[in-house]
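All ligand and atom numbering here is 1-based and tracks the order in the structure.
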Amino acid sequence: MAYHPLDTIVAVASPSGGAARGVVRLSGPRVVACVERLFVPSEGASESSPRNNAAFAERKATFTPSRRPTAVEGHLLLPGIHSPLPTEMYFWPDGRSYTGQPVVEFHTIGSPPLLDGVVSAVCEAGARLAEPGEFTLRAFLSGRIDLTQAEAVLGIIEANNDPQLDVALGQLAGGLSGPLRELRDGLLDLLGHIEAGLDFADEDLPFIARDQLVGQLATARDEATGLVRKLESRHRAGAFVRAALVGPPNAGKSSLFNALVQNDGAIVSHLPGTTRDYLTAQIELDGVRFELIDTAGIPGTGKQRDPVETPQDESQESQAIERAAELVAQREEERADIRVFCVDATALSTSLQSHESDRNLRDTDTLVLTKADLIESNAAKDAPEASLLVSSVTGEGLDALRRWLRELVVRAQSAPDSAVASTAARCHESLRAAADAMGRAHRMAADNEGEELIAAEIHVALEALGRVAGAVCTADVLNRVFSRFCIGK
Ligand SMILES: Nc1nc2c(ncn2[C@@H]2O[C@H](COP(=O)(O)OP(=O)(O)OP(=O)(O)O)[C@@H](O)[C@H]2O)c(=O)[nH]1
Ligand SMILES: [Mg+2]
């Protein structure tokens with residue numbers, strides 16, 4: 001695609017094929033010069049109708065552009081066509097139009113050869129044919145819309161049904177760019193505070209208190225993760241809903257996985273930290289299929305690893321493996337559409353406290369109390385009402401859990417898409433990179449690490465967010481987005 005935003009471009013903007021009305025659109029700094037000799041406003045014509053172009057041209061008035069959007073009745077004089085063509089001309093001056101440049105639209109009879117004739121005449125007068133999507137590209141380049149909105153325009157053109165159209169219209173109206181802008185603005189403010197603090201380090205005056213920084217980074221991380229999840233649900237359209245078993249080590253996740261899958265694929269042991277990777281299995285419940293995932297336990301919640309069981313000389317390598325397992329579990333937990341929190345019913349009070357304080361609960365989360373066979377029947381009376389009590393040993397509560405999971409899967413399957421498919425595919429990686437960088441910044445802030453390091457992560461997040469909105473953009477990305485458009489849009 002040729003990016004010469006100062007060329008004046010023209011194309012037929014109405015759908016191909018004959019119709020009562022057709023539209024030819026022009027955009028660029030020279031639109032007025034291009035249309036001056038072709039279009040004659042009605043006021044310029046004499047009272048009697050002109051019989052041919054030559055007679056008409058002699059008496060013509062020229063179009064004088066106003067500083068406001070205007071509609072003018074008149075006629076087009078096309079070379080090779082004897083009669084003037086009745087036309088309405090719409091004019092948008094600089095900055096008030098879709099493209100952010102002066103724009104003219106001719107609305108006339110929708111005959112394909114006539115419309116082609118208008119385009120040729122405008123090209124003769126100094127414009128060039130527009131590339132596919134070039135009008136929308138100019139809207140993006142002039143800052144009228146961001147890249148997600150440009151993709152929404154394409155989504156509207158390509159929508160096959162009402163839900164798809166709703167999603168695209170919502171995205172065009174700023175459904176994605178609004179939250180993105182807020183996230184970017186928040187991070188820029190935060191960065192401003194941190195960098196001011198660094199510049200005046202000698203003054204010993206913190207520009208932002210550490211707990212405030214930690215809190216704001218946690219909020220930013222959660223917002224970015226929320227956006228990632230929304231896009232993932234669109235990105236994986238047609239894929240299985242994912243339900244992850246998550247929770248502290250030794251909570252009985254792998255035992256529950258085996259019980260639900262009805263085989264012994266997952267290793268179970270009394271040692272915490274048994275599961276290191278993650279396991280998946282497809283499950284079908286009354287015709288509803290989904291993917292069940294067993295994850296590694298994340299310590300810090302529930303029962304801590306028993307120091308007696310930890311070899312004194314535990315190598316750095318095994319610590320690294322443990323950390324890697326946690327990161328994989330965290331990622332699977334974030335990606336899951338449904339999270340089943342497993343909490344050992346025999347360690348209820350401590351586990352629940354950390355369960356509630358650590359997590360940002362969603363309405364597709366479920367709390368399952370495991371090892372029901374090990375507690376007195378009334379021991380779980382203090383558990384939250386919404387929890388299910390199960391035992392992988394006796395099978396107690398498993399049918400209720402299956403029914404509940406089936407319902408959650410059905411709900412997740414019918415959740416509306418949140419973004420136009422092309423946006424979801426393009427932005428997914430960048431948003432995830434932004435969320436990851438914010439997660440790292442948050443951990444560093446919580447661990448009291450240096451502000452330079454935190455600022456560097458925020459820069460990474462901002463750049464990734466910039467790629468989503470198109471603020472940081474290569475010709476490659478523009479080509480990919482805009483080459484899918486049709487000419488005239
Ligand atoms: N009595 C009883 N024991 C259970 C039950 N579920 C799990 N256990 C025991 O609890 C211990 C831990 O079970 P796992 O399934 O390995 O737990 P996990 O959550 O996968 O543990 P990690 O992989 O280390 O995170 C094992 O000794 C299991 O036999 C249950 O319903 N009843
Ligand atoms: Mg396990």
Among protein heavy atoms, which sits nearest to [atom], and what does the distance come to when rounded to 0.1 Å?
atom                    : answer
atom 28 (C) of ligand 1 : Val268 CG1, 3.6 Å
atom 1 (N) of ligand 1  : Asp373 OD2, 2.8 Å
atom 17 (O) of ligand 1 : Gly252 N, 3.1 Å
atom 22 (P) of ligand 1 : Asn250 N, 3.6 Å
atom 31 (O) of ligand 1 : Ser392 N, 2.9 Å
atom 25 (O) of ligand 1 : Lys253 NZ, 2.8 Å
atom 23 (O) of ligand 1 : Thr275 OG1, 2.7 Å
atom 7 (C) of ligand 1  : Ser255 OG, 3.1 Å

Using a strict 4.0 Å threshold on nitrogen-to-oxygen distance, state whether Arg242 and Asp337 make a salt bridge.
no
Carboxylate-amine/guanidinium proximity below 4.0 Å for Glu326 and Arg323
yes
What about [X]: any of its N or O atoms under 3.5 Å from an N or O on ligand 1?
X      : value
Ala296 : no
Thr295 : no
Lys371 : yes

If the cut-off is 4.0 Å to any non-hydrogen atom of [X], which atoms of ligand 1 fall inside it?
X      : answer
Pro249 : 25 (O)
Gly273 : 24 (O)
Gly297 : 25 (O)

Looking only at side-chain N and O atoms, does [Y] offer a donor or acceptor that is under 3.5 Å from a partner on [X]?
X      : Y      : answer
Asp373 : Thr394 : no
Tyr98  : Ser27  : no
His4   : Glu134 : no
Thr423 : Thr148 : no

As a quick check of understanding, evaluate side-chain contact (heavy atoms from CB on, under 4.5 Å) for Ile156 and Leu169, giving each step before the final call.
CA-CA 7 Å; Ile156 291 167; Leu169 287 170; 3.6 Å; yes
Test of understanding: given a 4.0 Å heavy-atom threshold, classify the contact between [X] and ligand 1 as side chain, backbone, both, or neither.
X      : result
Pro272 : backbone
Leu374 : side chain
Ser269 : backbone

Test the Arg25-Phe135 pair against the cation-pi criterion, namely NZ or CZ under 6.0 angstrom from the six-membered ring centroid and within 45° of the ring axis.
yes
Using side-chain heavy atoms (C-beta onward) and a distance below 4.5 Å, is [X] in contact with [Y]?
X      : Y      : result
Phe341 : Glu333 : yes
Val390 : Lys371 : no
Leu401 : Val368 : yes
Glu451 : Arg210 : yes

Can you list the protein N, O or S atoms less than 2.8 Å from the Mg ion (ligand 2)?
Ser254 OG, Thr275 OG1
For Leu292, the option from Val340, Leu260, Leu256 that meets side chain to side chain contact (heavy atoms under 4.5 Å, CB included)
Leu260
Smallest heavy-atom separation, Ser430 atom then Ala464 atom, equals O-CB, 3.3 Å
Of the listed options (Val390, Leu245, Thr394, Val393), which comes nearest to atom 2 (C) of ligand 1 when hydrogens are ignored and any heavy atom counts?
Val393
Derivation and outcome, salt bridge (charged side-chain N to carboxylate O under 4.0 Å, His left out), residues Asp436 and Arg440:
CA-CA 6 Å; Asp436 288 350; Arg440 288 193 298 272; 5.2 Å; no
